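Taking it in order: structure first as structure tokens, then the write-up.
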Amino acid sequence: MAQNYIIYQENVQMPNQEIGINSFYYDCINAPTSGVFPLHWHKCMELIAVQSGWLEVEIERKAYLIDAGSVAVINPQQLHSCTRFDPHTTLYCLIIDMDIFRSRYVESLEEKFITPLMEGRITLPSRVCGNSELNNGIRTCSEIFTGHPDAYQLRLKALLFQMLFLLFTQCGEVRSIEQKKTPASLSRERVNTILQYVDEHYAERIKLDDLVEILHINKYYICKIFQQCIGKTFLDYVNLVRIQKAVDMIVSTNDSITAIAFATGFQDINYFSRIFKRTMGISPTELRKRHRGTTEA
């Protein structure tokens with residue numbers, strides 16, 4: 001799961017263009033020690049149904065403990081990550097392209113529910129506990145999506161509408177948010193631009209001066225709004241992105257650790273090793289050995 005996420009706005013690639021969802025089962029025993037997935041956001045809705053164990057999902061800087069039987073609901077455009085979890089956790093993840101709910105014709109239901117949800121004017125509850133129908137629906141979607149029975153597209157779409165109905169009617173208070181251009185929303189837009197820039201240029205030497213030219217604000221203010229929105233310093237975030245990219249390369253390629261360090265933007269192998277171990281809890285070499293040992297087993 002961690003390998004499928006981009007750090008900033010994730011441009012989710014649906015594996016089957018016939019229907020706009022992605023769904024899979026995930027066993028956290030194989031997750032990097034830094035977390036199941038790093039900080040990111042996307043335009044899709046994401047539902048995480050925990051089957052056993054627990055994980056802590058941070059949504060818009062608020063932490064939610066999602067244990068067995070509970071569901072994490074990530075609304076479109078919400079920043080989210082997961083860094084704490086029980087390694088014995090298993091879950092089903094369902095990622096939904098909101099366009100699946102749209103019609104060729106403008107409908108009152110679309111105007112009332114779908115468009116406000118996509119634009120952030122309505123937010124569904126972030127944590128749902130004890131709703132077996134929702135949990136079972138996510139698991140069933142994953143099984144249908146993987147198995148591809150006859151006319152599975154129709155069954156999936158029906159299930160998605162049913163789960164959206166449950167979220168709106170049975171799973172806590174739905175909040176409506178008045179859309180106004182506030183200093184906070186402007187800061188968020190600027191931070192999203194920073195996140196995008198880092199993801200596109202992590203392999204290069206990143207300078208605050210480059211962001212000053214893009215955002216037309218000074219370095220001090222860039223650092224201030226970034227810390228306020230993300231909860232990390234700009235340097236710590238850049239290092240986190242680079243380490244996550246390095247993790248993907250370590251477990252999926254045979255490139256040398258030195259080559260991976262330089263490919264992910266680090267100029268000094270010793271600095272890379274130090275930051276990597278501080279972030280992951282183990283060295284790059286140990287991670288590769290552990291991953292290959294798990295894969296071979």
Side-chain angles (χ1 to χ4, degrees), residues 1-5 10 12 15 21-40 42 44-75 78-96 124-149 152 155-156 159-160 162-167 170-172 244 247-248 251-252 279-282 286-287 289-297:
M1 186 172 178
Q3 295 178 29
N4 294 331
Y5 281 93
E10 182 185 9
V12 178
I21 76 166
N22 191 11
S23 185
F24 49 86
Y25 174 81
Y26 189 72
D27 188 338
C28 292
I29 195 71
N30 297 316
T33 56
S34 62
V36 178
F37 53 86
L39 183 70
H40 68 288
H42 42 65
C44 298
M45 174 182 286
E46 183 172 352
L47 304 176
I48 300 172
V50 174
Q51 306 301 296
S52 62
W54 60 269
L55 72 164
E56 186 177 87
V57 179
E58 188 172 294
I59 304 172
E60 293 294 333
R61 298 194 64 186
K62 183 175 181 180
Y64 298 90
L65 183 65
I66 313 297
D67 53 9
S70 298
V71 174
V73 180
I74 296 137
N75 290 270
Q78 286 188 325
L79 278 168
H80 56 286
S81 65
C82 172
T83 55
R84 294 183 63 243
F85 61 98
D86 180 341
H88 301 291
T89 299
T90 59
L91 58 88
Y92 286 96
C93 182
L94 181 61
I95 302 173
I96 308 166
L124 299 170
S126 296
R127 180 173 180 260
V128 177
C129 301
N131 193 299
S132 59
E133 188 174 358
L134 180 63
N135 199 304
N136 291 337
I138 296 169
R139 184 173 66 251
T140 302
C141 276
S142 183
E143 292 168 353
I144 293 172
F145 183 77
T146 304
H148 285 192
Y152 77 98
R155 179 65 175 137
L156 279 175
L159 278 169
L160 293 174
Q162 175 64 16
M163 288 189 290
L164 197 59
F165 166 76
L166 292 174
L167 287 167
Q170 298 182 20
C171 299
Q244 291 285 352
V247 168
D248 289 350
V251 302
S252 64
T279 304
M280 299 295 296
I282 57 175
E286 288 170 329
L287 177 66
K289 287 180 180 178
R290 179 183 297 182
H291 175 79
R292 289 181 175 174
T294 301
T295 303
E296 291 168 2

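A quick note: this is a predicted structure, and the numbers were derived from the prediction, not measured.
Considering Asp67, Ile59, Val71 as possible partners of Arg127, the one that fulfils the side-chain contact (heavy atoms from CB on, under 4.5 Å) test is Asp67.
The CG atom of Leu166 sits 5.5 Å away from atom CG of Asn131, with the distance rounded to the nearest 0.5 Å. Put simply, CD1 on Ile74 and CG on Leu79 are 11.0 Å apart, with the number rounded to the nearest 0.5 Å. Summarising the geometry, atom CG belonging to Leu55 is positioned 10.0 Å from atom CZ belonging to Arg84; distances are rounded to the nearest 0.5 Å. Here Met45 contributes atom CE and Leu164 contributes atom CG; the two are 5.5 Å apart, rounded to the nearest 0.5 Å. Taken to the nearest 0.5 Å, the OG1 atom of Thr140 stands 8.5 Å off from the CE atom of Met163.
At a threshold of 4.5 Å between non-hydrogen side-chain atoms, the residues Ser52 and Thr90 count as touching. Residues Leu47 and Val73 form a side-chain contact, since some pair of their non-hydrogen atoms from C-beta on lies under 4.5 Å apart. When side chains are defined from C-beta on, Thr279 does not count as touching Val247, because their heavy atoms never get closer than 4.5 Å. The side-chain heavy atoms of His80 and Ser126, taken from C-beta on, include no pair separated by under 4.5 Å. Taking 4.5 Å as the limit, every side-chain heavy atom of Leu134 sits out of range of all side-chain heavy atoms of Gln170. In this structure, the side chains of Asn135 and Tyr92 stay at 4.5 Å or more apart for every pair of heavy atoms.
Taking the six-membered ring where tryptophan is involved, the planes of His148 and Tyr152 are essentially parallel, since the angle between them stays under 30° and well short of 60°.
Residues forming a side chain to side chain contact (heavy atoms under 4.5 Å, CB included) with Ala72 (at least two apart in sequence, or on another chain): Ile48, Val57, Ile66.
The nearest pair of heavy atoms linking Trp54 to Thr89 is O-OG1, 2.7 Å. Looking at every heavy atom in both residues, Cys44 comes nearest to Ile95 through CB-CG2, 3.7 Å. Across Leu156 and Cys141, no two heavy atoms sit closer than the pair CD2-O, 3.6 Å. Between Val50 and Gly53, the shortest heavy-atom contact is CG1-O, 3.7 Å.
The main-chain N or O of Leu65 is never found under 3.5 Å from a side-chain atom of Glu56 such that the two would form a donor-acceptor pair.
In this structure, a donor-acceptor pair under 3.5 Å is absent between the side chains of Gln78 and Glu46.
At most 12 non-hydrogen atoms from other residues, nucleotides or ligands lie less than 6.0 angstrom from CZ of Arg155.
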